[in-house]
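See below for the structure under consideration.
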Protein chains: 2
Amino acid sequence: MKTQLGSSNIHTLPEAGRKERDGSGCEACPVRESSMCAALSDTRLEVLDAAASRLSFEPDETILFESDPADFAFNLTEGVARVSKMLPDGRRQITGFLHPGDFLGLSYQDCYAYSAEAVTPVKVCRFRKAELNRIMRDHPDLEHRLLSMASNELALAHDRMLLLGRKSAAEKVASFLLSLPRKEERIDEIDLPMTRGDIADYLGLTLETVSRTLSGFVRQQIVRNATPRIIVVLDMARLSALAAGEGR
Amino acid sequence: MKTQLGSSNIHTLPEAGRKERDGSGCEACPVRESSMCAALSDTRLEVLDAAASRLSFEPDETILFESDPADFAFNLTEGVARVSKMLPDGRRQITGFLHPGDFLGLSYQDCYAYSAEAVTPVKVCRFRKAELNRIMRDHPDLEHRLLSMASNELALAHDRMLLLGRKSAAEKVASFLLSLPRKEERIDEIDLPMTRGDIADYLGLTLETVSRTLSGFVRQQIVRNATPRIIVVLDMARLSALAAGEGR
DNA sequence: CACACGCTTTGATTCACATCAAAGCCACGT
DNA sequence: ACGTGGCTTTGATGTGAATCAAAGCGTGTG
């Protein structure tokens, strides 16, 4: 776990995020097959490759900021990021956690409607939107892929509205745990790189309620706490039932 | 206001919604310029025209049903519809109200992830998805238009997550009132064709809380009740501040 | 090694909204 | 005109999660 940067969310820095070229190009990219890039053949991918800037962000660094001009779109290649919106008095809603392969910045507004920050160390491919639009004109497959990704996002957004509007705290936390990506080989282990406060702001709860709810799951032997950051699922059936809203 | 149809949500009827051809084609369509159809010139629009079935639905009739095979997409041309998801025990979240020009059924899943019902009498253009995809291949402008509509939807979805997760009952109701379309000539009149129960399920509240909150607004002279269905805004500044989350 | 800082957990109390209950209101059909 | 059914409003009470408060815990640092 990295140390916090305190109040250093200086999004207005001319160039947040360090540029870097690692040796290999798109062919070796970890999200070659899961991101929007899957729409293009290796040869056609070179166009995207040429248009991309590779950037890195440390935990809590701002990737993009609500109300800044929306000139760029991003492809997350490594790490976890959070997307959030704020109310004037500081109340925050995290509208999503991004994982490798996720696309960020789709929008036809002039300004971003949300902020995005790194949770863990993050790497992205950044594209100028004007350029991305040009590439889409020449490669309808890419636009098609983005539409299908947007549709999926939209379906997930609807799930989240159901969660926020109608699920109890326990159901919310259970749903959240099961929505996180898990490794094939350790299918019952859940990694929580974000803080309890982040989870709370994602679920529309307070951090105390999240913590209490997790403690409740431990008491009921539904999960076990390897560390505060690693949760081991002991009773998947019960957890799934809760998440689906069957356990009341 | 129409009478209720009681328990007649017989979505399994082979052909819900009555077919009808009104004399005029797409040129005279009320949503010609606001819907996805705006992407196509009059001549190219004929392709869509040929692919569309015009259907009508009475209040509370089901347009499409969660978990039914997602073979069709719809373009709402008249009326108001609600899109909703349910939990197994009957808790409901309305994820959106649809107005003329809105698109319904975008999704690359096999089955719909939500239901849609008419609130008022509704007219739609229905398309076979396979056919729509074929048309999109020939007309990238249409796909582009749908992507831009989906992006907008996504931005609205994020707003709604902020609302559901972090706003108070009063802020939710204020936001809702201001989100409804109003007529140019009567900019301070808000029409609520849906029930208090529908509004509650949209805002993650109970119908009693919605009613009490509206009564509160009347008491504070923020709005006036012409009829239960028509609300007149008296203090737009106050209502906007509440909706933005500035009034606490 | 000890201290400090940030995160998490746990406990006591409060409160906004839900739930339960009962009238009002209005449109429709007889 | 009257009665019925569905929606809305209002009132009394309950409760799940928020708030306020204070310990644990772990990791990096002087």
Side-chain angles (χ1 to χ4, degrees), chain A residues 1-8 59-60 89-93 119-120 163-174 192-219 223-231 242 245 247-248, chain B residues 1-9 59-60 89-93 119-120 163-173 192-219 223-231 242 245 247-248:
Chain A
M1 198 73 186
K2 294 280 164 149
T3 54
Q4 290 298 112
L5 295 184
S7 60
S8 66
D60 291 321
D89 63 359
R91 280 173 286 172
R92 182 180 67 155
Q93 179 67 37
V119 171
T120 65
L163 176 144
L164 288 169
R166 287 299 177 222
K167 286 187 182 178
S168 69
E171 290 165 345
K172 285 176 174 181
V173 173
L192 303 176
M194 65 293 288
T195 66
R196 300 293 186 261
D198 283 345
I199 300 172
D201 283 350
Y202 180 71
L203 298 176
L205 300 170
T206 60
L207 63 92
E208 293 95 328
T209 298
V210 170
S211 180
R212 269 188 257 276
T213 304
L214 282 171
S215 301
F217 287 177
V218 171
R219 215 171 310 115
V223 305
R224 183 166 60 76
N225 238 321
T227 74
R229 184 175 159 165
I230 305 282
I231 303 284
L242 262 174
R248 192 72 274 263
Chain B
M1 198 76 184
K2 293 280 163 153
T3 54
Q4 292 295 116
L5 293 184
S7 59
S8 65
N9 278 335
D60 291 321
D89 64 358
R91 280 173 285 173
R92 182 180 67 152
Q93 177 68 36
V119 171
T120 64
L163 176 144
L164 288 168
R166 288 296 178 227
K167 286 187 182 176
S168 70
E171 290 165 346
K172 285 176 174 181
V173 173
L192 303 174
M194 65 294 288
T195 67
R196 300 292 186 261
D198 283 344
I199 299 172
D201 283 351
Y202 180 72
L203 297 177
L205 300 170
T206 60
L207 65 90
E208 293 94 330
T209 298
V210 171
S211 180
R212 270 188 257 273
T213 303
L214 281 172
S215 300
F217 287 177
V218 172
R219 216 171 311 115
V223 305
R224 182 167 59 78
N225 240 318
T227 77
R229 187 177 156 163
I230 305 281
I231 302 285
L242 262 174
R248 189 78 272 261

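The sequence lines fix the lettering, A, B, ..., with proteins before strands; numbering per chain opens at 1. Hydrogens, waters and symmetry mates play no part in the numbers below; they use all other heavy atoms, side chains included.
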Expressed as a whole number of angstroms, how long is the span from D60(A):CG to dC7(C):C1'?
12 Å
For G216(A), answer base if it contacts any base atom (sugar-phosphate contacts may also be present), sugar-phosphate if it contacts only those atoms, and nothing otherwise; contact means non-hydrogen atoms under 4.0 Å.
nothing
For T209(B) versus A169(B), what's the shortest heavy-atom pair and its separation?
CG2-CB, 3.9 Å
So what does S211(B) touch, heavy atoms closer than 4.0 Å: a base, only the sugar-phosphate, or nothing?
base
Checking Q93(B) against L164(B) for the side-chain contact (heavy atoms from CB on, under 4.5 Å) test, could you report, in this order, the C-alpha distance in whole Å, the side-chain angles of both residues, the deciding distance, and whether it holds?
CA-CA 11 Å; Q93(B) 177 68 36; L164(B) 288 168; 3.9 Å; yes
Evaluate F217(A) against I231(A) for side-chain contact (heavy atoms from CB on, under 4.5 Å), listing each step before the verdict.
CA-CA 10 Å; F217(A) 287 177; I231(A) 303 284; over 6 Å; no
Atom CG of D201(B) and atom P of dT8(D): how far apart are they, to the nearest Å?
12 Å
From the list dC17(C), dT8(C), dT19(D), which nucleotide is the closest neighbour of the side chain of A169(B)?
dC17(C)
To the nearest 0.5 Å, atom CG of D201(A) lies from atom OG1 of T195(A) at 8.0 Å
Shortest side-chain distance from S168(B), nucleotide among dC20(D), dA17(D), dC17(C):
dC17(C)
From CE of M194(A) across to C1' of dC7(C) the rounded distance in Å is 15 Å
Over how many whole Å does the gap from E208(B) atom CD to dA22(C) atom P extend?
14 Å
Rounded to whole angstroms, how far apart are CZ on R229(A) and C1' on dT8(C)?
15 Å
On the nucleotide dA18(C), are OP1 or OP2 found under 4.0 Å from the side-chain N or O atoms that T209(B) carries?
yes
Base, sugar-phosphate alone, or nothing: which one does L205(A) contact when heavy atoms must sit under 4.0 Å apart?
sugar-phosphate
Check this for me: does the side-chain of R212(A) come within 3.5 Å of the base of dT19(D) through a donor and an acceptor?
yes
Spacing between N225(A) atom CG and dG24(D) atom P, to the nearest angstrom
18 Å
Whichever of P228(A) and V210(A) has its nearest DNA chain D nucleotide further upstream toward 5'
V210(A)
Taking CD1 from I231(A) and P from dT8(C), how many angstroms apart are they, rounded to a whole number?
11 Å
Let me know, please, whether L207(B) or T206(A) comes out on the 5' side of the other along DNA chain D by nearest nucleotide.
L207(B)
When rounded to the nearest 0.5 Å, the distance separating CZ of R196(B) from CG of D198(B) is 11.0 Å
Give one of base, sugar-phosphate or nothing for S215(B), where a contact means two heavy atoms less than 4.0 Å apart.
sugar-phosphate
Which whole-number value in Å describes the distance from R196(B) CZ to dC17(C) C1'?
18 Å
